[in-house]
Amino acid sequence: MSSMPQSPPDRVPRHCGTHSERLAVSAPHSLVALLAERVAAQGSSVALTTPQASRLARASAGPAASWTWQALASAALAQAARLEAAGLTRGDRLAHRGPHAADWVVTDLACLLAGIVHVPLHADMPIDQQRQWCQWLGVQAVVATGHATGRLPPMPCRVLDWRTGGREGLPTAASPLAAEQLARELESRVAACDSDAEAVILFSSGTTGTGRAVVHSQRSLAANAAASAAVFLEEAADVRLAWLPLSHSLARTGDLGTALVRGACLAIVEDRTQVLEAAREVSPTVILGVPAFFERVERALVSGRIRDLPARLGGRVRVCVSGGAPLRQRTAAAFAKAGVPLVEGYGLAEAGPVVSLASPRTWRAGTVGPPIAGVQVRCTAEGVVQVRSPGLALGVLEAGEQSRRPLTADGWLTTGDRGSIEPDGHLKIAGRAGDVLVLAGGEKIPPADIEGSLGEDPAIAQVCLIGNGLRRPLAVIVPEPEVLREAVRQLKLRVVSRGQALRHPQLLAWMARRVAWRQRHHPRSWQAGHLLLLGRSFSPQAGEVTASMKLRRHVIANQFSKETTAMTALGSQGSRLPAGVATVPPAVSPQGSLTPA
């Protein structure tokens, strides 16, 4: 594993954007110190709650629906003692299989208190991959939490079955420790904590599909959480709707970490299909999510299924925060029009993960906000974003091997993203530096630039440009269902199925004109020359997108290799476009309405 030194530079290059004008934030030295602070300041306040509307019997941690900070810390201390009694010691790596629930948080805090390295496995990670990572990382044991629904699969190490109804079960928070005893035990754990040792190993699949494990210390995670929390005017009485999996770095810092910093209550949504119902029940003040979630809400707003967005979100939401993938400007605009601020941030697991973050006071369309306090950002001559931060990971493991992405000689992390720094210090992200298409003539083009423009069209839900070796790129488009239905109605098409509509020449020509207009400002050689319409969404299950819905272009390109292979022969005698593929004409007029030109 490669180390990531964090010493400050002697000099910051002129082309570098520093940590902007934000005031410095006093960084806590560990997450367990933050937990002790929360218990001392807000011991009787609710730390976790599980909305009834979103509870899954198989995931619930005991009968309690709410946990105070005292109860949460008491349960975590009890489980830390059990881990130690099971033979685990400081520095040992413990893999964790468990659903998104309160007992996941208890397990995480217990590992932090005991100095055991928490290795949370994503709930949707295939069992073979779980075994593989456990072997690569040399974990000493696997702990299972949640509700017992059958026998656990064999693992390459010892398994602790601490599921509810399992062989041993998980400690509950029914009997919190007395305040003085709790304070003493927490003080002892804080004193024993090595803030710079391995604390958590988080998995990140990335857009290429190559898995990597990011190793963080308590100091790095605490520093990133404190700086992130400082961006917003949060209060101890706030409620954060925590529906994203905490095994991912975005939710771990954005929800759990900031709650430890500020003391806000985490409303754990066990059933992610019931997010809006949970919001109506607990009235959150902050909702963190990925663009795909906010885009679904946008569709409901546009269609009229949601008429009063603030009320639908519980009536108290001050801000929604999007991360994990690019947010479409049209989505933020729809939220703003409905009276709910939706801002965006940027980061990567190796950086803690938050690098930059906007607030309702600083938000500006097309940017991901200024760097958070303590973070420095610069762009290379090639436009690649580099970061230095107290939240940098200790190191990265790729498929169990040493990282291939070391820091620069002067201590900067190369993110692999293209971007620029605006005059006001805000950061703009343009896509992955290595994400290019090589056309038949050898020209390299950045497909994300075109996708960003096309994605602003109300008729387009998802879009991916493919076409290495083609004369012009091919846009694979997932249409917005309701806009598509209205187009079929206005075009007076006689179709009996969705598939037939997607291949209808008139509908293809209608979409082609919209594509032409949206991409008209880009160089002609970059623009999509052809399109095809897809009757389903790109999905993580098919490997087409990551969990945060970032495109995996190579997977999508492989799925449409038949079409692209046929298109390489265009222009030769007897060649013609594959079925369902349409030519995009030059832009002639705006297509702001559904009426075809």
Taking atom [atom1] of [X] as the centre, does the number of heavy atoms from other residues, nucleotides or ligands within less than 6.0 Å exceed 12?
X: R361; atom1: CZ; value: yes
X: R272; atom1: CZ; value: no
X: R307; atom1: CZ; value: no

Basic-acidic side-chain contact under 4.0 Å: [X], [Y]:
X: R328; Y: E344; result: no
X: D417; Y: R432; result: yes
X: R252; Y: D108; result: yes

Exercise for the section: For the pair Q218 (side chain) and L31 (backbone), establish whether a donor and an acceptor sit closer than 3.5 Å, ignoring hydrogens and angles. Expected result: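 Yes; judged by distance alone, with no hydrogens or angles, the pair exists.
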Exercise for the section: Mark yes or no for whether T258, through its side chain, and A225, through its backbone, hold a donor-acceptor pair below 3.5 Å. Expected result: no
Problem - Residue among E198, H96, R93 satisfying side chain to side chain donor-acceptor pair (under 3.5 Å) with H118 - result: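 Going through E198, H96, R93 one by one, the side chain to side chain donor-acceptor pair (under 3.5 Å) with H118 is satisfied by H96 alone.
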Completion exercise
Between T331 and the options E295, E456, R299, E298, the side chain to side chain donor-acceptor pair (under 3.5 Å) test singles out E298
Exercise for the section: Answer with yes or no after comparing the ring centroid distance for H122 and W133 against a 6.0 Å cut-off, counting only values under it. Expected result: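 Not close enough - the centres of the two rings lie 6.0 Å or further apart.
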Exercise for the section: Drop me the distance from I556's CD1 to Q462's CD, to the nearest 0.5 angstrom. Expected result: 8.0 Å
Exercise for the section: Any chance you could measure I268, atom CD1, to S66, atom OG, to the nearest 0.5 Å? Expected result: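 Rounded to the nearest 0.5 Å, the CD1-OG separation comes out at 11.0 Å.
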Handout entry: Heavy-atom side-chain contact between L342 and S322 under 4.5 Å
Key =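 Result yes, sub-4.5 Å side-chain heavy-atom pair found.
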Exercise for the section: Please test W363 against H426 for ring pair (Phe, Tyr, Trp, His ring centres under 6.0 Å), starting from the C-alpha separation and ending with a verdict. Expected result: CA-CA 9 Å; W363 177 82; H426 284 234; 9.6 Å; no
